[in-house]
Amino acid sequence: MSDSKQDLILQGLNDAQLEAVTTTEGPLLILAGAGSGKTRVLAHRIAYLIRSYGVNPASILAVTFTNKAAGEMKERILGLLAGASDQEGEEAQLHVMPGKAPKGQVPAMGTFHSICAQILRREIQHLNRANNFVIFDTLDQVSVIRDLIKELSPHSSFAPRAVLSAISRAKSDMQDASEYARQVDPNYFTDLVAQIFPRYEQALKANEALDFDDLLVLTVELFENNPVVLAKYHGKWQYISIDEYQDTNQVQYRLAKALAREGHNICVVGDENQSIYGFRGADIGNILAFTKDYPESKIIKLEQNYRSTEPILQAANAIIQHNASRSNKELWSARKSGDKPLIYEALDETQEAKYVIDQIKNMHNSEKIPYEQMAVLYRTNAQSRAFEEACISHNIPYRLVGGVKFYERKEIKDLLAFLRYIQNPEEKVSFKRIVNVPPRGIGTTSLREMLDWAAQVGGLKQAFGLLRDSQSLDDIPINSRGKNALQDFAQMLASWEEIYRTCNILELFDAILDSVNYLSYINDGTDQAQDRFENIQELRKVISSYTEYGPVHGLTIFLEESALLTSVDEADFHQDAITLITMHAVKGLEFEVVFLAGLDEGLFPHSRCLDSEKELEEERRLCYVGITRAKTWLYLLHTQMRTTWGETSPSVTSRFLTEIPEELVEYDSFDEDIAPARSAYGIALPPKQPLTSGQKDLQASKQTSKFKEGQKVRHKSFGLGRIVQIKGEELSVVFEKAGLKKLLESLAPLEKVDSSQ
DNA sequence: AGCGCTCAGCTTTTT
DNA sequence: GCTGAGCGCT
């Protein structure tokens, strides 16, 4: 180890960062504000451990928030160790995941879920479960729960997803079905959940499947009940770091605790102000409890922000000030000068998108900002649509993060189901999906008969064996037509299983495509067919990168990694394109230019969070996360009206916007009384275009009302407000104190207010 | 058995 | 305004 290389690792760090990097022994809590260089610190710290302490890389475990982050950190560390410069602009390597690490000694890195999956793949037999378990994604879970609801409460109208999230919440709090039933407030809904919960767990077991929560829960169970296995991993991982610790839930917390053995070389990094996953059980309490759990722990605060300009930070700080509970860190930036955040009020979401795209074009052409340095952030995935359409019509390249995921598309799920079923022949969700795809004459009746019979003879695998080999098929209780079709299917299965055992995953994939004629099944002559075809080619390309693992193992690794990809992992960051992304998924990323769209009450903060102060504060932290993604330019957007589910209704400016003092922001051509979007209205919607019913109403209303939209008014009891929409007699008015009210013009005690006052 | 049409629910956020 | 479950027709 040369001094110059060690210098490189410590070079360019500020005092606090330096201390964090060189504090290697004992528990360490790093409170790292947004943009304070925590990723850099973590990478340098690991490089330092290896280079200066001679720690074996294989005895280091780093838990990251996405697999992409793990890949990037791995690159950085390798760069540092190789003596390369650690400057920005490293190529992010996609699909670098723990299972695919090159041979040799490397740290274990990945999300909690992917690390646990790997542990369970080796150890789950200690819990009497099958090693070839499949991982159920949300759609698989919903399908199981839908069946159970139908069975247990055929006429109930509860959404499977609501039941699922109740179960998932319980599991991430380490409650099993009976504990849930004991502890929950009984009502009609929770009674149903309590009934479904144990059946759902049984169904998973019967399918030899694990859901996302199981990966964590079972690993904790394994560690807490099996000292020998735990000792093995204690021996393996001496140095542990966990990123985004403020977003760990109860299971993850228990996992971290179990792993940090006597040496307590555990380093956690987090920021209370960026805790945004409370809805899935994350508990800020975990980061606060760290110093209690480890009394000898050291705390280091990183308070210098290297990312954003001071005006952007001021806006972020102004908003977070409104949270009663917040961390007392004061972020500061050396980038003192810069543009203030720019607020723009659009007429509706279409105009909002148009404005954003115009600005993006502008920035790209005149400021020479590459597209990849610009991002549009929003609260809900549904908002992406308007931006996608605007990008398409203005020829702006974009990448959509999240939304309908690649691996959730029908054709991809189909083909994955074939692979999954081959890996695990007892898994019925996949089986049901593929048994009649493409249609081969196995309908609901035959399927039911097959499943019933399989249950009697000891499982699907057994049943298919009998179907192939049996001398007297007459004994098999399936109608003859279905039986023939199932027999043919059994033959196909047998040939795939042979290929599975002897050939690589690509050969298996091609054999399936070929023997079921999947491509011609997909090709129905519609526009979608081409998309589907391309998706299949894309899938084939991904699969071809797993051939090196050989038979059996290649399929296991591929299925595991594809199931555990995060939305950020899935996105292609290689081309110069703007990013469309939710504020949840954007955590950890940064851009020169950030557009925060949809700052309307009910959307952001979301209506479901309005009646709980706790959830409202989480929304505010989400806003803080969004703002602090911006390095140099920040746009804050809201609308006057918005269309959801084909219904147009007036919007109310988000409280988050009004929480920023006026002197900290600027307005884009915003006139106090006549909003700019109104003047753009005529230009943007020439009469040639067909009008929606809402717009027609708006037009019609203009002649009859004595008020104008945008008009300031005073109401006898509600006080000052502004008219946002006129539909005939009905006025929608947003009051400063009372919020949105719908009033009848002929009855409401309303008077115009002079705009000059 | 399989296709196509209609209607309902949907949108918080994610592994 | 979209997806997908369910029903009815062939």
Side-chain angles (χ1 to χ4, degrees), chain A residues 63-67 110-117 135-139 141-143 146-147 149-150 157-162 164-165 168-169 171-172 210-217 244 247-249 251-252 275-282 349 377-386 389 401-405 407-410 436-447 479 481-482 485 524 560 562-570 581-587 598 602-610 615 618-619 621-623 625-626 642-648 692:
Chain A
V63 180
T64 56
F65 207 64
T66 63
N67 295 297
T111 62
F112 271 114
H113 288 88
S114 61
I115 286 162
C116 287
I135 298 169
F136 270 9
D137 67 15
T138 308
L139 294 177
Q141 295 174 286
V142 164
S143 123
R146 184 175 294 126
D147 289 350
I149 293 178
K150 228 183 291 171
S157 58
F158 288 115
R161 271 175 193 270
L164 174 59
S165 68
S168 176
R169 261 311 281 275
K171 286 174 83 164
S172 47
L210 307 190
D211 66 15
F212 293 127
D213 301 307
D214 284 332
L215 295 172
L216 309 177
V217 171
E244 307 283 6
D247 278 325
T248 51
N249 58 29
V251 207
Q252 293 165 332
S275 166
I276 55 174
Y277 282 99
F279 71 92
R280 65 174 193 202
E349 68 276 358
L377 278 49
Y378 38 79
R379 178 64 175 81
T380 65
N381 282 305
Q383 288 168 261
S384 67
R385 175 162 234 94
E389 281 166 2
V401 179
V404 180
K405 299 194 177 71
Y407 286 92
E408 288 178 1
R409 289 175 194 184
K410 183 196 173 301
N436 204 31
V437 167
R440 56 176 68 85
I442 303 167
T444 41
T445 316
S446 310
L447 178 61
N479 68 81
R481 199 171 144 194
D524 59 358
E560 190 162 297
S562 57
L564 297 179
L565 286 178
T566 68
S567 52
V568 171
D569 297 329
E570 278 193 53
I581 190 171
T582 65
M583 281 179 261
H584 280 90
V586 82
K587 190 160 70 158
L603 187 60
F604 191 38
H606 196 273
S607 50
R608 300 226 183 169
C609 307
L610 293 182
E615 289 176 68
E618 181 153 308
E619 294 284 289
R621 290 192 295 271
L622 188 58
C623 188
V625 167
R642 196 168 274 281
T643 305
T644 325
W645 300 332
E647 275 290 299
T648 304
T692 67

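Please read these numbers as outputs of a predicted model, since none were measured by experiment. Below, read A as the first sequence line, B as the second, and so on, with proteins coming before strands; counting in each chain starts at 1.
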Original post:
At under 4.0 Å between heavy atoms, what does A:S607 touch on the DNA or RNA strands: base, sugar-phosphate, or nothing?
Top reply: nothing
**OP:** Would you kindly give the CE-to-C1' distance between A:M583 and B:dT11, to the nearest whole Å?
**Re:** 14 Å
Subject >> Side chain to side chain, A:D211 and A:I135, heavy atoms closer than 4.5 Å >> reply: no
Original post:
Of all the nucleotides listed (B:dT13, B:dA1, B:dT15), which has the minimum atom distance to the side chain of A:S446?
Top reply: B:dA1
Original post:
Is the closest side-chain donor-acceptor distance between A:S446 and A:N479 under 3.5 Å?
Top reply: yes
**OP:** When you get a sec, tell me which of B:dT14, B:dT15, B:dG2 is the closest nucleotide to the side chain of A:P439?
**Re:** B:dG2
Original post:
Of the nucleotides B:dT15, B:dT11, B:dT14, which one has an atom closest to the side chain of A:T582?
Top reply: B:dT14
Subject >> Closest to the A:T380 side chain, choosing from C:dA5, B:dT13, B:dG2 >> reply: B:dT13
**OP:** Find out whether A:K587 and A:Y277 are in side-chain contact, i.e. whether some heavy atom of one side chain is under 4.5 Å from a heavy atom of the other.
**Re:** yes
Subject >> Phosphate OP1/OP2 of C:dA5: any A:R146 side-chain N/O under 4.0 Å >> reply: yes
Original post:
If each of A:R161 and A:S567 is mapped to the nucleotide of DNA chain B with the nearest heavy atom, which maps nearer the 5' terminus, i.e. the 5' end?
Top reply: A:R161
Original post:
Would you say A:F279 stacks on B:dT13, if stacking means ring centres under 5.5 Å apart and planes within less than 30 degrees?
Top reply: yes
Original post:
Atom CG of A:L164 to atom P of B:dT11: distance rounded to whole Å?
Top reply: 12 Å
Original post:
Rounded to whole angstrom units, what separation is found between the CZ atom of A:R621 and the P atom of B:dT13?
Top reply: 18 Å
**OP:** Measure from the side chain of A:A382, starting at C-beta and using heavy atoms only, and say which of B:dA1, B:dT15, B:dT11 lies closest.
**Re:** B:dT11
**OP:** Find the distance A:L210:CG to B:dT15:P and express it as a whole number of Å.
**Re:** 18 Å
Original post:
Closest to the A:T138 side chain: B:dT13, B:dT11, B:dT15?
Top reply: B:dT15
Original post:
Under 4.0 angstrom, heavy atoms only, what part of the nucleic acid is A:T445 near: base, sugar-phosphate, or nothing?
Top reply: sugar-phosphate
**OP:** Could you tell me if the ring centre of A:H584 sits under 6.0 Å from that of A:F279?
**Re:** yes
Original post:
Is the closest side-chain heavy-atom distance between A:L215 and A:L564 below 4.5 Å?
Top reply: yes
**OP:** Taking only the side-chain nitrogens and oxygens of A:S114, find out if one of them lies under 4.0 Å from OP1 or OP2 of B:dT15.
**Re:** no
Original post:
Going by heavy atoms in the side chains, are A:V625 and A:I276 under 4.5 Å from each other?
Top reply: yes
Original post:
With a non-hydrogen cut-off below 4.0 angstrom, is A:N436 in contact with a base, only sugar-phosphate, or nothing?
Top reply: sugar-phosphate
Original post:
Which one, B:dC10, C:dG6, B:dG2, comes nearest to the side chain of A:A159?
Top reply: B:dC10
**OP:** Could you tell me whether A:N381 contacts a base, only the sugar-phosphate backbone, or nothing, with contacts defined as non-hydrogen atoms closer than 4.0 Å?
**Re:** sugar-phosphate
**OP:** Taking only the side-chain nitrogens and oxygens of A:T644, find out if one of them lies under 4.0 Å from OP1 or OP2 of C:dG1.
**Re:** no
Original post:
A:D569 CG to B:dT15 C1': how many Å, rounded?
Top reply: 10 Å
Subject >> Note, A:D213 side chain near A:V251 side chain (heavy atom, < 4.5 Å) >> reply: no
Subject >> Atom-pair distance (CD1 on A:I276; P on B:dT14), nearest Å >> reply: 9 Å
Original post:
C:dG4 and B:dT13: how far apart are their P atoms, nearest whole angstrom?
Top reply: 16 Å
Original post:
Between B:dA1, B:dT14, C:dC2, which nucleotide gets closest to the side-chain atoms of A:A585?
Top reply: B:dT14
Subject >> Distance in angstrom units between A:N479 CG and B:dA1 P, rounded >> reply: 7 Å
**OP:** Give one of base, sugar-phosphate or nothing for A:F112, where a contact means two heavy atoms less than 4.0 Å apart.
**Re:** nothing
Subject >> Below 4.0 Å: OP1/OP2 of B:dT15 and any side-chain N or O of A:S168 >> reply: no
**OP:** Just compare B:dT15, B:dT13, B:dA1 and give me whichever is closest to any side-chain atom of A:T444.
**Re:** B:dA1
Original post:
Taking CD1 from A:I581 and C1' from B:dT13, how many angstroms apart are they, rounded to a whole number?
Top reply: 12 Å
